[in-house]
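Since the structure comes first, as structure tokens, the remarks are kept for the end.
Each chain gets a letter, A, B and so on, in the order its sequence line appears, and its residues count up from 1.
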Amino acid sequence: MSLLKIRGLSVTFDTLQGPFKAIEDIDLDVEELDTLAIVGESGCGKSVLGHATMRLLDDIAVVRGSVIYRGREVYAMSRKELLEMRGKAISLVPQSPSASFNPVIRIGKQITELIEKAGVAHGMEAEQRALTYLEYVGFSDPHAIFGSYPHRMSGGMCERALIAMSTSTEPDLIIADEPTKGLDALSRKNILDMLHRMTAESSLIMITHDLKAAAMCKRIAVMYSGEIIEIGPTRVVLEHPVHHYTRGLIDAQPSRGMRPIPGRHTICSHKSEGCRFRDRCDRVRTECGRHTLLREIEEGHMVRCHYA
Amino acid sequence: MLELTDVSKIFQTSFLRRDRKVAVDCVSFRLKEGEILGLVGESGCGKSTLGRLAVKLMQPSGGHIFLDEKDVTDLPERQFREYRQRIQIVFQHPESALNPHFTLMDSILEAFYRLGTPKSDYQTMLERLANEVNLPLDIVDRYPNQVSGGEIQRAVLTRVFAFKPRYLVLDEPTSMLDVSVQAHILQLLKKKAREDRMGMLFISHDLEVVRAMCDRVMVMKEGRIIEEGTADKIFTDPSTPYLHKLIANV
Amino acid sequence: MSQAEGKTRFFAGKVLRYGITLVIILTINFAIPRAMPGDPMINLLGDEAARIDNQILGELRAQYGLDRPIQDQYIEYMLGAGRLDFGYSIHKNLKVTDLIYDRLFWTLVLIFPSIAIGGLLALVLGAIAGFRHGSKVDRLLTGASILMYSCPSFLFAMIIVTIFSFHLGWFPLGNISSGRTQGFAYLLDIGWHLFLPVAILATFEAAYIFLIVRNSITQIMGEYFIFVAKAKGLSARVIELRHVMRNVLPQFISIMALNFGFMVSGALIIEIVFSLNGMGTLIYDAVMSRDYPVLQGAFVFLTIFVLAANFLADVLYGITDPRIGDSMSTGKMT
Amino acid sequence: MELSLPGNLFRLLNDTGIKSLDQNPLRSLGIIILTALVLVAVFAPYLAPHDPKQTSIPYQSPSSEHLLGTNDLGQDVFSELIYGARVSLTIGFLSGIISIVIGVTVGIFAGYFRGWAEELLMGTTDVFLLIPSLPLMIILAAYLNPSMWNIIVVVGLLCWCSTARLVHSRVLQVREMQFIESTRALGYSDLYIIIRHVLVNTKDIIYAKFSLAVASAMLSEASLSFLGLGDPLNISWGEMIHFAFSRGGFANDMWWWYLPPGLMICVTLLAFIMLTIEGRKDSKILELI
Amino acid sequence: MKYITKLLIITILVACVLLSGCTQPSANSTESSTPAGDNRIQKLVIGTTNKVEDTNINDYYFGTFSRRLTHQALVTIAANGDIVPELATSWDTSDLKIWTFHLVGNATWHDGNPLTAQDIKFTMDYRKKNDPNWKSIFGGLRSVEAPDNRTVIMTLDKPDFNFLMNLATYRVLPEHIYKNVDDPKKFNSPDAWIGTGPYMLKSFDKATGLLHFEIYDQYWGQSPAIDQIDIRYFANTDTMMLAFQKGEIDAPYAYATGFSPFYVPKLLDNEDIGIMTQKNSGITNVLWFNENKTYLDSKAFRQAVSYAIDYEEMKNIFTAGYGSIPDSGLVPQCTLYYKETRPLAYDVNKSKDLLDAAGFKDTNGDGFREAPDGKKFQPVLSTRSDMVDNVRAVEMLKKYLNAVGIDVQLKIMDRTSFGNSMDFDKTHEMALARTTYWGMQMGAGYGSGYIDQRIYGWSMVNDSKFQTTVDQLTSTIDKDKRKDLAGQLQDYYADEMPAIAVYNMDIIQPYKKNYVGWVYNPCSGILNYDTLFGLHKA
């Protein structure tokens, strides 16, 4: 039984301009100790997918489809079960490190709070645990961090504290949302190493726009316009990309020659039927106007393209 | 040639107190026409300040700035204005790069007014420039919040290129953009530097981009240039341990 | 820079700022009677000066130093202000300071319970509305508080008096007490007399602060760290009470104190309507009889209290919000 | 535009979603009320059934001849009310303009030029903000002769601080936006940037603040009038209440004399406040008074 | 319409009552001797808007109340305006310069010490040192002697007809207490409350302004009819009247003035409340002309103005019938030696004719008259902003003057500026202001102090004929001669019109009907010995 099974997940936001489908018909499986990178450019819906998995959006958006965690339907859980699941079973490493901590509560308190809520430890023991995890993520003086406030720390330090917090309950699945965003080259590597070390015991979904960061995961899923267009083992996807978007994305890397993908990326383009990338694809044909499904072209490698 | 000699910038952090912070410390460099000069360093090392000093958006605390062999350091703003067309700057954040209450067209027109372009030439000039930077003409009457970051940066380049500047300071122009968009913009800039012989000071913390873009690279740390050389030399044979560490982490 | 040093520097800065403010306000007060049209002597002494014959007037002029150079007058005045000496009310035959002392007491008796009750009310209602942003309760409360905003306080108070005191006869028609009761009965009596004024002032205070509380709660509810707290699986109650309210508190405290000035203005009007023996009636009488020394003294005293309240707020803000003290040190621990 | 969740999403929902739901009707209602009031003020001579100065039998109850009865001089209260709109709105608007001009100028200069100008201007603003304004207004009004113009000036001069503060903080934000620097790099002068760019980006709070400044000026005028410091030759709504109060209107329960001007003040203030409500941005109400 | 009918009825009723008598209070003229037994009143509650700040002798309203209840003077003023004995049983003077007073024998202070002539000498000497108002009241007092315990001799610099009037307001203080008090401004202990009057002040609540008086059982005269008196303070008249209607107080009290007529209808709704009225010995509103100003020195102009005013409407609006139209001779009818002069009349045509004749014609056709020399003519009419009636009244006057073509400009001034312009600068042109009872006594009396340029001079009259009359009046003792001179003055006013008395409002005093025996006194209102000794349950 897989740890997480997502079937036909769609999220629709109601905006002034009408309903806006952020993600549509996503199928995804995550096994125990699996690490999956979800890659895509801004607006492709990767963060929405991460949040919808934890059922964090159902009061502001219409969510359809199912998310099954260890055989239980997340969207059928009671409020209490849901609260128990969050943080304990599935933990989120949020996006913007400096905005993720409550500015008027000490870091340590915010970590202990989660540990106690998850029922992992209580009182002094919980504090001890928080200190331990702070030490794990590389703080030489965890006590100082424990008693500190978020605004006294840099983005990188906050990110580390966030990782400490999210892993301190030893969750089964960690969803890391853009963990390297806004960090400079030096600390980015640091954080990624840290994240992988800390999640050695659990599964990881890493949401990122950075292919380099994604390369550290076992599998990669590439998203475009709210759909997964290619998913497979990292090496396969990066070295033999099938979908032209994936290929374009890789070629656009500065180290790969910075070849731009032609056309414009507009988030409203996916209203139409058919392949969403066809406007920018250089081998577009008439078939591309038809809707296409994610097809498995080899073991674990699936692509959403008529020509795969 | 744009030349900075021993330029420093010291900030007084508070009006009443005497705390000082040296942001740029005796930096000298030359930027030739048609050359892309990279400036790398960690966040907070003073590279953005140096960029602003180069276009005289800030007055240096010490040192001299020569623009085409003329010392413009102490030129008052009013007199420096005529030189502004020769040297321009592009900033990092697309969301604040343009006045949110102006359409892209309004912002671009600001440059045209400044140039004194006759009104009849607006259309042709706009078409030429937009074509150059790949800006779709159907979006110029939109507001910045209605278009993507890449398109904003294109609009910014449109109005900067209207001046036909000889030198361009690029302060992390693509760090907020997606790779595919980034590739577009960077290719465009590279082409511009080569074809129009525009000198560019390319500020970035992304070493890969710098390596792909620049002819020469300067490495900055705590307000000082600690290493300078051709891109190949810097990336293949770093001489300082700091740079070594920096490259290893990429 | 250490955190403690940052705090010390923060408070030292505050003390300096308030000191300067006080000096400026005293200076304004010094300047008004001398800058306004008319004889400064009459401006200083008020109407009564007209009845005093010229010789005495001359003596008083010398006493007030109006015949001396302006800088000497200023120094004299500031020294007097340092001793809380604001001259003599010829109209009331008393030293202004003596006159103000007991009046101020009663005004504070009126203001403090109003602030406490109004603030508490605003916090509770603001929280209710803020957490249910956009709901019916929210709309109702917000509408009501905006309505209170647009109602002149004197009109509201007059109508309340007419209804509750006169037509229904539930409350006294004014004054602070019936007099001549002792001990607990006296306190009860005062409570009964102050019920309506305090209720009205508290309502205005609550209406004012309610919107601020509601708004900052709404704003904080939209902050990313609240989303993170939800992702942590914390219950709504824990999020609201611990995460949201902790953030609202510093702003709430500072607004309460900033509002002290507003409350003073409100209290002036309410006192006049309810015939309470406080600064309001003192100022009103002084305006009616153009008793300028009293007017000026009253103004300075009120200002000092407003300043003190604000200073307290700044201090409390510095204590409740960890970011404030640190903002004085050079920046983040990068 | 690019979307990334959840920060942008919340903004999206709150800025657009709620805006469409509940703020526009209130705002239009405010505009309708104010337009009506201004029309009433402008066309007062055509609307008022009587000359408000014409005297007849005093203290009459409402009748078909005198819709709201007559006052202590036997003047028609209804006509007085209509003419009162002129005075009240004039005082409100002019004071509002004075305070907004000072506040915006101070705020923009302090925010844009920074340095010692900022310390000086904002220091002054903070001092003025701390002074309890009603007592100071009372003192100034007591020293000056009671005239409409004095009241306009006194109220206008004491109400600018919160505007200055708000504009200042907004200008600080705007100033940090890079288009300001790039416009400077294009060779435009500071004055151009202030007028074309900074003002444009602060205009929404200036409008809101102006509307609230007018409202609070009217409220201050009413309070001063109630205390007998108004201009008795230009009868505003506040002055009507003052006369009702001091000439037996309250004592005799003549609600038709004091309640209508009171309600007019309420409605006008409400209309001005409604103008500033903008969905989630109703935080602007906070700066009232 | 209800109120209109009511007002009309009241107006008629009051008019009837007024016709029947002027000096007597309209109600309760039946006097009874000291009531006893069940009729005694245990406690009387008086409401006032006059606030006692502190119980030292310099406090104005403390002085007022203590003079009524706890403290006494040598003489006092009776309800009909006569000067009658109080601590002095009798007095004599031959030349209005040397006054000899004989004291009562058995008066004691509230602490039991007897009152002696030395106390009176001490009072005068002591107050001379520390009373800021001394000079304006007793500036002409040269010396005070106490040859024995029962006799006081006072010597003046020059004859003063008004000397007794001044003495009547001046409280006698106990020497044995005050000789140790250096600064009376700060002396406010219960010892400062000790007087010789029929009541003792028992407590003073500073916060509420509540004064509680109890009867002094050792009082030298007969015992008053009320055991306890509370004086309750209200900050405004409206709330006081509401409290009065609710029965919380037995009568409202205001020092030397009555209450506005607009309170009357509501009060008359209440069965328990009665209203008494009293002629005002000051004039409620007078239009003054500054004769020093160009054009205003024209007698014809002033007379024209006097015909332009609709006195009847003014009287109705501002007094609701509780008032009268004064004569052109200015002084109120209840003044001693009042002489009937031409009644003021409203005649627009006559006014216009007078103006035309005097050369005030509309030459430029703008609807307003120009001055005889063709210049623009815009006289300024000023008044005080804090007197709401006056503010309203000048609006009415503007209407009347506009109707005859005078482009009058209104100037509402605060009290200080108004006082400055009237009293010091003399920059006023026309002004509307009241006169007080005391003011009417200034100079030679009959309001001459307001008229004469040498004294207060609101009208700035510098006419030698007028000034001669004034001087003669000051130095004349003979009653017939005084009467003749007073008549001359009034004729002068009626002819020259340096001031026009626009209307005079009666003093309106409401009271509780369940007590009988309320008496109004022109000087001390209802708080006088007639009320205190004669009031009893109905």
Side-chain angles (χ1 to χ4, degrees), chain B residues 12 14-16 48 51-52 54-58 77-78 80-102 106-108 110-115 142-152 156 159-160 162-163 165 168-169 171 176-178 181, chain D residues 1-4 7-9 11-16 19 110-124 126 168 170-207 281:
Chain B
Q12 200 168 344
S14 160
F15 173 68
L16 290 172
S48 288
R52 284 178 171 79
V55 292
K56 260 176 66 92
L57 279 174
M58 277 177 187
E77 180 64 32
R78 197 176 284 276
F80 183 70
R81 226 167 259 166
E82 55 180 294
Y83 294 91
R84 286 230 175 268
Q85 294 182 14
R86 292 194 212 169
I87 181 158
Q88 281 295 318
I89 185 164
V90 174
F91 292 104
Q92 175 181 13
H93 293 280
E95 69 265 31
S96 70
L98 293 177
N99 189 336
H101 287 85
F102 283 20
D106 291 336
S107 292
I108 294 167
E110 243 183 355
F112 292 4
Y113 291 139
R114 191 83 205 121
L115 277 169
R142 297 201 196 162
Y143 286 92
N145 64 348
Q146 294 166 330
V147 298
S148 73
E151 282 155 352
I152 289 178
V156 170
R159 74 179 205 158
V160 163
F163 277 13
L168 190 57
V169 175
D171 188 357
M176 289 297 172
L177 304 178
D178 284 316
V181 185
Chain D
M1 67 176 290
E2 281 154 323
L3 264 182
S4 78
N8 275 356
L9 179 71
R11 209 187 314 139
L12 184 86
L13 290 178
N14 282 317
D15 278 357
T16 54
K19 192 185 271 181
Y112 188 79
F113 290 110
R114 311 294 305 266
W116 62 268
E118 180 180 31
E119 302 266 342
L120 189 77
L121 288 173
M122 294 327 286
T124 317
D126 286 345
H168 173 243
R170 171 63 76 91
V171 171
L172 285 185
Q173 281 171 19
V174 172
R175 207 191 117 89
E176 290 308 307
M177 294 171 82
Q178 288 164 345
F179 70 87
I180 297 288
E181 271 188 303
S182 36
T183 312
R184 268 209 321 142
L186 289 186
Y188 281 103
S189 66
D190 288 331
L191 195 67
Y192 172 88
I193 293 172
I194 286 178
I195 291 170
R196 285 281 289 166
H197 290 283
V198 178
L199 266 182
V200 160
N201 279 286
T202 40
K203 68 177 180 197
D204 54 335
I205 61 167
I206 293 176
Y207 290 155
K281 290 180 198 145

Next on the checklist: List the residues meeting side-chain contact (heavy atoms from CB on, under 4.5 Å) with D:E118, not counting sequence neighbours, and say none if there are none.
Outcome noted: D:A110, D:R114, D:M122, D:H168, D:L172
Checklist entry - So which of B:V156, B:L98, B:I152, B:V55 has the biggest tally of heavy-atom pairs under 4.5 Å with chain D? => result B:L98
Item to check | Option that, when pairs with chain D are counted at under 4.5 Å, heavy atom only, ranks first among B:R52, B:Q85, B:E82, B:K56 | outcome: B:R52
Checklist entry - B:F91 versus chain D, heavy atoms under 4.5 Å apart: side chain, backbone, both or neither? => result both
Item to check | D:Y192 atom OH, neighbour heavy-atom count above 12 within 6.0 Å | outcome: yes
Item to check | Contacting moiety of D:Y188, where chain B heavy atoms sit under 4.5 Å | outcome: both
Checklist entry - Is it the side chain or the backbone of B:E110 that comes within 4.5 Å of chain D heavy atoms, both, or neither? => result both
Checklist outcome for this item: Residue set satisfying side-chain hydrogen bond (donor to acceptor under 3.5 Å, both in side chains) with D:R184, at least two apart, ordered chain then number -> none
Next on the checklist: If I measure from the heavy atoms of chain D, does B:R81 come under 4.5 Å with its side chain, its backbone, both, or neither?
Outcome noted: side chain
Checklist entry - What heavy-atom pair brings B:I87 and B:P165 nearest, and what distance separates the two atoms? => result N-CB, 4.4 Å
Checklist entry - Which heavy-atom pair separates B:I89 from B:V160 by the least distance, and what is that distance? => result O-CG2, 4.0 Å
Checklist outcome for this item: Rounded to the nearest 0.5 angstrom, the OG-CD distance for D:S182 and B:Q88 is 8.5 Å
Checklist entry - Can you say whether B:Y113 sits under 4.5 Å from chain D via the side chain, the backbone, both, or neither, judging by heavy atoms? => result both
Item to check | Top contributor to chain B contacts, counting heavy-atom pairs under 4.5 Å, from D:R196, D:M177, D:H197 | outcome: D:H197
